[in-house]
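The next block holds one structure in the form of C-alpha cells; read it before the comments.
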Amino acid sequence: MSATPSPLPPFDPSDPLGLDDLLTDEDRAVRSTVRQWAADRVLPHIADWYERGELPDIRELARELGAIGALGMSLTGYGCAGASHVQYGLACLELEAADSGIRSLVSVQGSLAMYAIWRFGSEEQKRQWLPRMASGEVIGCFGLTEPDHGSDPAGMRTYAKRDGTDWVLTGRKMWITNGSVAGVAVVWARTDDGIRGFVVPTDSAGFSAPEIKHKWSLRASVTSELVLDEVRLPADALLPEARGLGGPLRCLSHARYGIVWGSMGAARSCFEAALDYARTREQFGKPIGAFQLTQAKLADMALELHKGVLLAHHLGRRFDARRLLPEQISFGKLNNVREALDICRTARTILGANGISLEYPVMRHATNLESVLTYEGTAEMHQLVLGKALTGLDAFR
C-alpha cells in the first residue's frame, strides 16, 4: 500500500507561490535580521523623515547597518560579510519595503563605492577604506552622472590631468546619493588615457558636496552635487584595475541587481497596505475587498509582485553561480521597477483619498519609484540593451 500523502499546507496570502521553499535557513535568518532592523529603526520614523525631506540619523544608521553586515554584504574579506547574492537581494527587498532611500544608502555604499574599490582598487586602497566602510564608520559615494551627462556617461566632462606624479581633478557630478555625508568618493573622470576611476577623500582641498534640496522623490535620502575644483590627489588615488567605461558600468550592474529585489520591497509594502485596507474599509455595507473589481486589482497586483520576486530570485541564483549577464540584469530592472510602479498606483486607487496620506506608505513608495525608474539606467536604456541583445543591432546611436 502506498503511504498516505502529507496534507497540503494552507494557502498563504503573503507567499502565494510558496517561494519561501526556495530559501535556506540562512537566507531566512538574513531576511529576518534586516526586516527586524527596518521595523525598529526606520518604519516608526520614515513618514516624518520623508515629510521633512531629510535623513537625520544617517551616520548612526550606517553604523547600525554595518553592525548587521548589510554594507558590502556580498563582498568577501576586509570586514565584509561574504553573504550570497540572494541574501543581499533579500536584504535589499526588506530595506526598500521600508523606504527606497534606505536601500539606496546601502546600495551606493556597498554595490557602487565599496565594490569599485574591492574590484578595481589596489591592496592598499582596499585595506585603507573597505573595513571602515563595511562597519559604517566611513560612508562612501559614487560620482559618475554629471549635470549634462546621465544616460551617456562617455560624454563626461570631469577631467583628471597629470601634474608631476599627482592627479588634478576638475568637474562636477550630479544626483549623488550620500555625497554630503561621505568620507570618500569614487569619482570617474576623463584622462589622456581614457576614463579612469579615483578614490577621493572628501576632505581634499577643492572638494565640496552641496546637498540637493526641493526633491519630491527619495526625500529621506541625502542627494548631492559633487564639485571638484582642481582637487589634487597622489598617484596612488587612481583605481589601477579600471580602464574605460567598463569599470563604472560593471559597478552599475552590481547596483542594478539590488534594485531588481528592492523594487519588489516597495511593491510588497503597497500591496500589503492595499490588502489590509480592502479587508477593513467598508462601503455600501461591506468591505471593499468583497467587490469583484477590488479583488481583480488585488489578484493582478499579487501576480506581478510574486512573479517579480521569483525573477529576482532566479537572477540571484545565476549571480551566485557566476552566470548572470548584464542583459539579464536589465531584464530584471526594467520589469520589476515598472511593475512595482504599477502596483503602487493600483494600491493608491484601492485606498482612495487615503492613498495620498503619509499615514500610509503608498504615495511615498510611488514617488520614490519614479526616481528608481530612471536612475542607474532609465527604462528606455534597458529596453535598448535588451533590443540590441535580441536583434544584434545597436540602436543607441
Side-chain angles (χ1 to χ4, degrees), residues 85 100 104 107-108 111-113 115-116 119-120 141-160 169 171-177 186-198 217-218 223 225-226 228 239 241-263 308 311-312 314-315 318-319 322-342 369-397:
H85 289 95
S100 300
S104 292
S107 179
V108 170
S111 292
L112 292 178
Y115 179 78
R119 175 62 181 80
F120 301 113
C141 65
F142 185 87
L144 178 63
T145 296
E146 296 188 353
D148 297 320
H149 294 90
S151 294
D152 182 18
M156 72 174 64
R157 295 176 183 171
T158 299
Y159 189 76
L169 274 64
R172 296 166 62 203
K173 301 294 181 179
M174 198 68 173
W175 304 114
I176 308 303
T177 297
V186 174
V187 175
W188 301 91
R190 185 177 295 281
T191 75
D192 290 340
D193 190 33
I195 292 172
R196 304 299 301 269
F198 297 86
S217 179
L218 291 177
T223 309
E225 179 183 9
L226 304 186
L228 300 110
L239 290 171
E241 301 301 321
R243 291 181 179 271
L245 270 179
L249 292 181
R250 185 159 182 172
C251 298
L252 287 175
S253 287
H254 205 272
R256 289 164 179 164
Y257 165 76
I259 292 173
V260 177
W261 284 90
S263 56
L311 170 58
H314 171 67
L315 297 183
R318 291 189 65 84
F319 207 164
R322 299 183 179 181
R323 293 177 56 81
L324 184 61
L325 302 175
E327 294 86 352
Q328 293 165 343
I329 297 175
S330 288
F331 195 112
K333 183 178 187 289
L334 177 62
N335 180 81
N336 281 15
V337 179
R338 192 161 60 185
E339 296 305 324
L341 259 172
D342 192 53
L369 284 171
E370 290 292 346
S371 290
V372 179
L373 181 69
T374 55
Y375 73 18
E376 297 182 26
T378 66
E380 293 83 358
M381 296 303 291
H382 290 294
Q383 286 174 319
L384 293 181
V385 167
L386 291 174
K388 180 180 177 180
L390 294 169
T391 66
L393 303 172
D394 189 344
F396 282 94
R397 299 184 185 278

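Paired with F198 under the rule side chain to side chain contact (heavy atoms under 4.5 Å, CB included), one option of V186, L239, L169 passes, and it is L169.
For the atom pair Q383 CD and R338 CZ, the distance stands at 6.0 Å (nearest 0.5 Å). Of the inter-residue distances, the one linking K333 atom NZ with L311 atom CG reads 13.5 Å to the nearest 0.5 angstrom.
Checked by atom type and distance alone, the side chain of S263 pairs as donor or acceptor with a backbone atom of V260 at under 3.5 Å. Looking only at distances, a side-chain donor or acceptor of R318 sits under 3.5 Å from a matching main-chain atom of R323. Of the possible polar contacts, one joining the R196 side chain to the A242 backbone as a donor-acceptor pair under 3.5 Å is found. With hydrogens and angles ignored, the 3.5 Å screen pairs no side-chain donor or acceptor of Y257 with any backbone N or O of L324. Listed for the R190 side chain is a donor-acceptor partner under 3.5 Å among the backbone atoms of M156. Judged by distance alone, with hydrogens and angles left aside, the side-chain atoms of E146 form a donor-acceptor pair with the main-chain N or O of R157 at under 3.5 Å.
Sparse packing is recorded around CZ of R172, with 12 or fewer heavy atoms of other residues, nucleotides or ligands lying under 6.0 Å away.
When all heavy atoms of L218 and S371 are compared, the pair lying nearest together is CD1-CB, 3.7 Å.
For residues 371-388, the pairs satisfying salt bridge (charged side-chain N to carboxylate O under 4.0 Å, His left out) are K388-D394, with sequence neighbours left out.
Side chains of Y375 and T177: a donor-acceptor N/O pair is absent below 3.5 angstrom, by distance only.
The aromatic rings of F120 and W188 lie perpendicular to each other, with more than 60° between the two planes, well past the 30° mark.
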